[in-house]
Amino acid sequence: MRSHSRPRTSAATTGLRRGAAFPALAGVGIAAMLGLAACTPTGDTGGDADGEAVSLDSVSLIAPADPGGGWDQTARAMSEVLTSEDLVGSAPVENIPGAGGTVGLASLANERDPATLMVMGLVMVGAVETNASDVRIEDVTPIAKLTEEALVLVVPASSPYKTTEDLVDAIVEDGAAISVTGGSAGGADHILAGMLLTEAGVDPADIPSTLNYIPNAGGGEAVTMLLGNTVQAGISGVGEFVEQIEAGELRALAVSSPEPVELLPDTPTLIEEGYDVELTNWRGVVAPTEASDADIEALTTLVTEMHDSEGWAATLEERGWADAFLVGDEFQTFLDGNIAEVTETLKTIGLVES
């Protein structure tokens, strides 16, 4: 049992977990769409005068973070599958890091080439709020939700903290002396840290002063900080830390999914550790603001074909990513609900002003 306790916050007030991280929507597929014209994207428009979409001989992918993190991994995995499955001739990846992905979001909003997809997800939803971004996710064009992934709480192998309780108690008692690194401020990692402290009895209003959270722009930076013992703990997607965990360089304390994950079968869940907290990080792709209906159809077709390929199925298994495919109205409905829910949760745990 934890030494710091208070009545648990209900599902209605947290908005995340308490049964499920987000509303559970069934994955859906769409039939392959036909009739694309055999021409190459111009970079200025995605269709002809009649609104017919260009064929996607190539597609540009944006990872709005530094190399090494989950968005970068997703973009590069997409590039590999799209080209190896001969769905496009080329799929170059560009990194545009900064401010929890909102720098990349602003770039996408101004992008004139419709044959462009940017990886995004829960982290960006939170970053838009914590950074008071002028450009919002609602300003670009949703294409598909792709994956979900559990987060993992880790410490360096030499850390004195052997359990989640050890670490959380130390943060509650020592405050800013214990530093925790994770992705961008207001993202999934930051939200999870705030939820843990709320569960431990910290008043949400005191979380910003209690939690010494050090954001980073990519998984590679977090690993460097942890292995250099410049921070005491880290939170990120399982895929970003699993190599160091398996090598014995990092110790996994708990995962944030409702059940243990396949890549870390011996690591307990936060629920098993006594914390009623569950959160999975989702990722998807969006297109430029000015994408036409025909462009959206072409991009949706391309991403659907990628999702249905053997190469993508193998990637999901290798990376430990859960298939969470949604397109069209289903993705739009999920996204609208997620934005509202994350915004409320950030207020509840004191990371943005009410």
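What you see below is based on every heavy atom in this structure, not just the backbone, and it leaves out hydrogens, waters and symmetry mates.
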I'd like to check [X] versus [Y] (side-chain heavy atoms, cut-off strictly below 4.5 Å). Are they in contact?
| X | Y | answer |
| --- | --- | --- |
| Asp169 | Tyr161 | no |
| Ile214 | Asn216 | no |
| Val285 | Met118 | no |
| Glu138 | Ile339 | yes |
| Leu105 | Asp139 | no |
| Leu197 | Val172 | yes |
| Thr267 | Val261 | no |

Donor-acceptor side-chain pairing of [X] and [Y] below 3.5 angstrom:
| X | Y | result |
| --- | --- | --- |
| Thr102 | Asn131 | no |
| Asp66 | Asn95 | no |
| Trp282 | Asn338 | yes |
| Asp295 | Ser292 | yes |

*When you check the gap from the basic side-chain N to the acidic O, do Arg319 and Glu240 get nearer than 4.0 Å?*
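So Arg319 does not pair with Glu240 through a salt bridge.
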_Basic-acidic side-chain contact under 4.0 Å: Arg283, Glu149_ =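 Looking at Arg283 and Glu149, the cut-off is met.
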Does [X] reach the main-chain N or O of [Y] with its side chain, forming a donor-acceptor pair under 3.5 Å?
| X | Y | result |
| --- | --- | --- |
| Asp72 | Thr74 | no |
| Ser309 | Met306 | yes |
| Ser257 | Pro260 | no |
| Ser159 | Val155 | no |

*asked:* Using the rule side-chain contact (heavy atoms from CB on, under 4.5 Å), only one of Leu151, Leu250, Leu153 pairs with Phe241; which is it?
replied: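 Option passing the side-chain contact (heavy atoms from CB on, under 4.5 Å) with Phe241: Leu250.
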